[in-house]
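Not measured: the values here are computed from a predicted model. Note on naming: letters A, B, ... go to the chains in the order of the sequence lines (proteins, then strands), and numbering restarts at 1 for each one.
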Amino acid sequence: MLITVHSLGRSTHKCPTISLSSCNFLLSFPAQNSISHYSSTTTPHSLLSILPPCPSVQQVKQVHAHIVAAGLAGNHTIMGHLLSALALSPSTSSDYPCEIFRRIGNPNIFAANNMIRCLAKGKLPRDSLLLYADMMRSNLLPNNYTFPFVLQACSKALAIAEGTQIHAHVVKLGFTEDIYIRNALIHFYSACHKTESSRQVFDENPQCCDLVTWNAILATHARGGQIDIAEKLFGEMPDRDVISWSTMIVGYVQGGYLEKGLECFREMREKGLFPNEAILVTVLSASAQLGLLEHGQLIHSTIESLNFPMSVSLSTALIDMYAKCGCIEQSRQIFSKMPQRDVWTWNVMICGLASHGLGNEALAMFENLRGEGLQPVNVTFVGVLNACSRAGLVDKGKHYFRLMTEDYGITPEMEHYGCMVDLLGRAGYVADALELIEKMTIQPDPVLWGTLLAACKIHGLVELGETIGKKLIKLEPTHDGYYVLLAGIYAKANKWEDVVRVRRLMVDRGTSKVAGWSLIEAQGKVHQFIAGDREHERSSEIYMMLEVIDGRLAEVGYSPDISPVLHDIGEEEKAIVIKEHSERLAIAFGLLVTETGNCIRIVKNLRVCEDCHKVSKLISKVFEREIIVRDVSRFHHFKDGSDENNGLNVL
DNA sequence: GTAGGGTTAG
């Protein structure tokens, strides 16, 4: 079987030449970075042996200069070692290794392998395959070292066809029992999302297996969305290291099994094992997604007690966790103390500020980012446009949308359009929002139309709302949200017959309503409530507390707004249903179990309804409690009777 | 005279 690739000779590398200038810099290079241990008796061999494990290109060049000076530049083995050193250096440029290799007249397999390795590690891993093909054509037979390198290139380049042919070479040349090659094959198929092929290699020879094999097959199934199979293998494997745990934790969290990921992390810590950075960032992300502040804080203190090096990624994950758990001040503090930041650090800070309703501060951040000469990316603009939307800054939103597309050449994605439609729609420019949707270069998705539908509800646009609502219901007949929004539009316009009609249609079609839940962390546990929940062990106290809240709020003149309840039931029952919304239960529980004056933090999976919003504001005043509610799209800071940072006072 | 698995964020 032949690999049909072009010769390496046709590749367009710009190779700098090794000449006197390379030798000369030996004299001018700073002593602390140079190979300074040589004397007149030092040989190129001994110089190679004192190179550090990951040498800099400069250090390799110094040794190279000596090799050239000693007249050994034609020695295959010595040049192979030089390439081996370059493969381990942090630089990924292939120009210099290419030049070295080009000057070796007839490379032996050792030099060729190390060149393949350099190319596999570089920016154009496919060049590695070209060299392999060249090698085969010139009858230089690959050995057991060649395959792991060339398969690594296939994995990186996602070169499925070429990798599969190389697998055939492995079989033909009798290397199927080599554990390094087997592991490289399992990893290659896994990287290319060929779960079955990867598993097949594993199953063909289950005895030929070490920890790396187990970790590779674990990753295959975790990556392929078969977390249950990965879980089973994890239980069966004879030995585990930090990579095994890392694979499982990342696998759970990526697959959306956030609690399982956190549980797995806890188990690992109980066994006395130390986490790595990927694990820490991942569990911080899981805590952030779940809104578990206490858990996130626990991970933060673990990081500190382990004296874990605080990298840019780790700090960024902490900023994101605190922002998503309602502590934007903590995010600000970590951000301001960071000696270095990357674009992701700015992204999470901008998005965090925007979600807390701090639109102007988010925009100021964005200008600082530009001031530092960093290049914003698509996610940065999601934060920026969200900030404009939250603060009702229509003109600025339009300005940044233009800046994104025209100055930065970023093609708008669905999220960007979503922000713009939200911004225009909320501010009352529904016709402009509609025009933007109609001009879009990509097909608008139902969520985008839903955003416009919500704007129709805010501004009481029955006719347009009806058109969009019907269109959406036709598009996604089992999605209850669109029926609810349309019914809400009718209800607001007092068109009760239409409300009943839509509601019946919804019941007839058997749509499934996403159950609303709210959670609160207290006493080291997570407490989750659904509407009308009576499962909690302190349920009777919670319902008594609801009565107390009712009484205190009645004293300040509150009466329930029952329009969000569209059930065909009496007024009194409607008031009860709304009173038992999940966030009310969570707040009542919070008032019961947290100390007077402490903040109550709630996470909710849906939007807060208008009545609950009003009630939360009143509770914050009457009970003198700060209440922070994270709903599906933003934070509400209820304090002293108002929703702070929410100038527009829209949900 | 060379080798491998996990790599995070809206």
(message) Quick check: A:F265 with A:W245 (ring centres under 6.0 Å apart)?
(response) no

(request) With sequence neighbours excluded, give me every ring-ring contact (aromatic ring centres under 6.0 Å, His included) pair touching residues 372-391 of chain A. (result) A:F366-A:F381, A:F381-A:Y408

(message) Nearest to the A:R117 side chain among B:dG1, B:dA3, B:dA9, which nucleotide is it?
(response) B:dA3

(message) Can you see if the side chain of A:Y145 gets near the phosphate of B:dT2 - specifically, an N or O under 4.0 Å from OP1 or OP2?
(response) yes

(message) Please determine whether a side-chain nitrogen or oxygen atom of A:S285 lies at a distance below 4.0 Å from atom OP1 or OP2 of B:dA9.
(response) yes

(request) Could you work out which one of B:dA3, B:dA9, B:dT2 sits closest to the side chain of A:N144? (result) B:dA3

(request) Please answer whether the main-chain N or O of A:K194 pairs with a side-chain N or O of A:S198 as donor and acceptor at a distance below 3.5 Å. (result) no

(message) Please report the distance, rounded to the nearest Å, between CD1 in A:I299 and P in B:dT8.
(response) 17 Å

(message) The criterion is side-chain hydrogen bond (donor to acceptor under 3.5 Å, both in side chains); which residues satisfy it with A:K260, sequence neighbours excluded?
(response) A:E231

(request) With sequence neighbours left out, write down each residue that passes side-chain hydrogen bond (donor to acceptor under 3.5 Å, both in side chains) with A:Q297, or none if nothing qualifies. (result) none

(request) Measure from the side chain of A:F149, starting at C-beta and using heavy atoms only, and say which of B:dG6, B:dA3, B:dT8 lies closest. (result) B:dA3

(message) Among residues at least two apart in sequence or on other chains, which ones pass side-chain hydrogen bond (donor to acceptor under 3.5 Å, both in side chains) with A:R630?
(response) none

(message) Whether the side chain of A:N276 and the base of B:dT7 hold a donor-acceptor pair under 3.5 Å is what I'd like checked.
(response) no

(message) Of the options B:dT2, B:dA9, B:dG1, whose atoms approach the side-chain atoms of A:D342 most closely?
(response) B:dA9

(request) Using side-chain hydrogen bond (donor to acceptor under 3.5 Å, both in side chains) as the criterion, list what pairs up with A:K337, not counting sequence neighbours. (result) none

(message) So, does A:H76 get its side chain near the phosphate of B:dG1, meaning an N or O under 4.0 Å from OP1 or OP2?
(response) no

(request) Using a heavy-atom cut-off of under 4.0 Å over every strand shown, decide if A:D320 touches base, sugar-phosphate, or nothing. (result) sugar-phosphate

(message) Taking the minimum atom-to-atom distance to the side chain of A:S313, which one of B:dA3, B:dG1, B:dT8 wins?
(response) B:dT8

(request) Check every strand shown and say whether A:T247 touches a base, only sugar-phosphate, or nothing at a heavy-atom separation below 4.0 Å. (result) sugar-phosphate

(message) Let's see if you get this right: which residues in residues 252-263 of chain A place a heavy atom under 4.0 Å from DNA chain B?
(response) none

(message) Looking at A:R223, I'd like to know whether one of its side-chain N or O atoms comes within less than 4.0 Å of OP1 or OP2 on B:dT7.
(response) yes

(request) Would you say whether A:F110 stacks on B:dG1? The test is a distance between ring centres of less than 5.5 Å and an angle between planes of less than 30°. (result) no

